[in-house]
Amino acid sequence: MKIFTTAMLLFVFAGCAKNTSDSASSDVSDAIESQIATLNSATSDVNAGNTGTAVAYLSPGEQRLLERQTFGQRLGELADRLFDSSLHATAVSVSCSSGSFTDTPSTSFSGNSGSVLVTRQWNNCTGDLGVFKRNGTVYLQFSGLQGTSPYVQNAATLVRATSGLTMTRTKTGNYVDISGNDTTNQASSTNGNQKFTWTSNTAYTLNINETRTGKMASGATLFRHIVTTPTILSVSFGNATRTIQSGSIKIAHTLANFDVTTTFSNAVWSTSSCQPVSGSATVTVSGSISGTGTLKFNNGTIDFTYGDTSGSITTSGC
């Protein structure tokens, strides 16, 4: 029997939305994937633990495969991409099979206090088994750091901002351009994509304001998603679990003229299995497509409802 992932479940939701077609379902799935990719990108750039080291991580869910495919073909390729990079207890360090990746200054907080700006530069860094290459700059502006470990704790902040950041599908040349929209919170005079505010050394709030534009190699636009947090995410973490306590992520699909909002309630994931443990979430689609659904998590299974449809699925984990 085939094992369905949460990503596939969200495709089911998309397919049940009112007035949808195969194309509309794909648009909704694109939007949901961008929500998760944005969250993964932010958290994989931040070591929110107690080691105080800013290490760059690859995010397995950072971008979906940028190919012109049918909705059915894309189902399998989007499996196992929810919250994976941000959940592993030990993430995978960046390794460029070609190109380069550099952090300036060094990645250690040791000996630093107050504010530290880390400039993360990608130069045709090809990874993910050659699937993607990364170019551009990520600025990580830390403030309120402590002089000794744990360096990042209550009242510390991080503004993550991108400049010319692109993720390119090596096979097709299609790419996603990622830019920040937050003019209030900037890093190196660049609009912020995300702002983290630590409420303890094991919890933070996350505010997102980012635009993700997918383009073909020719420059034609495939999609444009504006990602925001209508309600700021509250996240706690430990060695065993990561919890999105509350908050919501919204995607404005500007080309197709609809919004997808996912709202979390104590949604707990295991860092070892990457499976949901407990909690719930709701998905609301509004605009040119409309629909609502609920998710309830319970030790690797997800119970869902959508209109007159309900069921239970088992996630595959990592």
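- Residues satisfying the side chain to side chain donor-acceptor pair (under 3.5 Å) test with Asn135, not counting sequence neighbours, are Asn124.
- Looking at residues two or more places apart in sequence or on another chain, you find a side chain to side chain contact (heavy atoms under 4.5 Å, CB included) between Ser218 and Met216, Ala220.
- With no hydrogens or angles considered, no side-chain donor-acceptor pair links Asn201 and Gln153 at under 3.5 Å.
- Evaluation of the side chain to side chain contact (heavy atoms under 4.5 Å, CB included) rule for Thr282 yields Thr263, Thr294 as partners, not counting sequence neighbours.
- In this structure, Thr205 has no side chain to side chain donor-acceptor pair (under 3.5 Å) partners at least two apart in sequence or on a different chain.
- For Asp259, the salt bridge (Lys or Arg N to Asp or Glu O under 4.0 Å) criterion is met by Lys250, not counting sequence neighbours.
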Using distance only, find each side-chain donor-acceptor pair of residues 227-234 under 3.5 Å and give its atom names and separation, not counting sequence neighbours.
{"residue": "Thr229", "atom": "OG1", "partner": "Asn207", "partner atom": "OD1", "Å": "2.8"}
{"residue": "Thr229", "atom": "OG1", "partner": "Ile208", "partner atom": "N", "Å": "3.0"}

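- Side-chain N or O atoms of Ser288 include one that pairs as donor or acceptor with a backbone N or O of Asn257 at under 3.5 Å.
- Remark: Asp177 CG to Lys215 NZ distance equals 6.5 Å, nearest 0.5 Å.
- The minimum heavy-atom distance linking Phe264 with Ala281 is given by the pair CD2-CB, 4.0 Å.
- For the atom pair CZ of Arg242 and OG of Ser236, the computed distance is 9.0 Å after rounding to the nearest 0.5 Å.
- Thr170 contributes atom OG1, which lies 8.0 Å from atom NZ of Lys133 (distance to the nearest 0.5 angstrom).
- Atom CZ in Arg212 sits 7.5 Å away from atom CZ in Phe223 (nearest 0.5 Å).
- Taking both residues in full, the closest heavy atoms of Gly144 and Ala156 are given as O-CB, 3.8 Å, listed atom of the first, atom of the second, then distance.
- If you chain together hydrophobic residues whose side chains sit under 4.5 Å apart, Val118 and Val159 never meet in one group.
- Between Asn181 and Thr211, the side chains place a donor N or O and an acceptor N or O closer than 3.5 Å (distance only, hydrogens not considered).
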_Worked verdict on Arg120 versus Arg160 for side-chain contact (heavy atoms from CB on, under 4.5 Å)_ = CA-CA 10 Å; Arg120 182 159 292 162; Arg160 178 181 181 273; over 6 Å; no
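- Looking at heavy atoms from C-beta onward, Trp122 lies in side-chain contact with Val138 at the 4.5 angstrom threshold.
- Note: Phe196 and Tyr204 have perpendicular aromatic rings, judged against thresholds of 30 and 60 degrees for the angle between ring planes.
- The same ILVMFWY cluster, assembled from side-chain heavy atoms under 4.5 Å apart, contains both Leu165 and Leu222.
- A donor-acceptor contact under 3.5 angstrom links the side chains of Thr126 and Ser98, judged on distance only.
- Gln186 and Asn191 are linked by a side-chain donor-acceptor pair at a separation below 3.5 angstrom, with hydrogens and angles left out of the test.
- Looking at residues two or more places apart in sequence or on another chain, you find a side chain to side chain donor-acceptor pair (under 3.5 Å) between Asn185 and Asp182, Lys195.
- For the atom pair OG of Ser163 and CG of Asn193, the computed distance is 10.0 Å after rounding to the nearest 0.5 Å.
- Annotation: side chain of Trp269 is in contact with side chain of Pro276 (closest heavy-atom distance under 4.5 Å).
- Under the salt bridge (charged side-chain N to carboxylate O under 4.0 Å, His left out) criterion, no residue pair touches residues 272-288, with sequence neighbours excluded.
- Summarising the hydrophobic clusters (Ile, Leu, Val, Met, Phe, Trp, Tyr; side-chain heavy atoms under 4.5 Å, direct or chained), the residues clustered with Val277 are Val268.
- Under a 3.5 Å cut-off, the side chain of Ser188 and the backbone N or O of Thr190 do not form any donor-acceptor pair.
- Under a 4.5 Å side-chain heavy-atom criterion applied to ILVMFWY residues, the cluster that includes Leu117 comprises Tyr139 as well.
- Here the CZ-OG distance, from Phe142 to Ser115, works out to 11.0 Å after rounding to the nearest 0.5 Å.
- Partners of Thr284 according to the side chain to side chain contact (heavy atoms under 4.5 Å, CB included) rule, which considers only residues two or more places apart in sequence or in another chain, are Thr292.
- When all heavy atoms are compared, the tightest approach of Phe297 to Ala267 is CE1-CB, 3.8 Å.
- With sequence neighbours left out, Ser246 forms a side chain to side chain donor-acceptor pair (under 3.5 Å) with no residue at all.
- Ala187 and Gln141 get closest at one heavy-atom pair: CB-CB, 3.7 Å.
- Distance alone, capped at 3.5 Å, places no donor-acceptor pair between the Gln194 side chain and the Asn209 backbone.
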*Would Met167 and Ile178 satisfy side-chain contact (heavy atoms from CB on, under 4.5 Å), going step by step from the backbone distance to the final call?*
CA-CA 8 Å; Met167 298 283 297; Ile178 304 167; 4.1 Å; yes
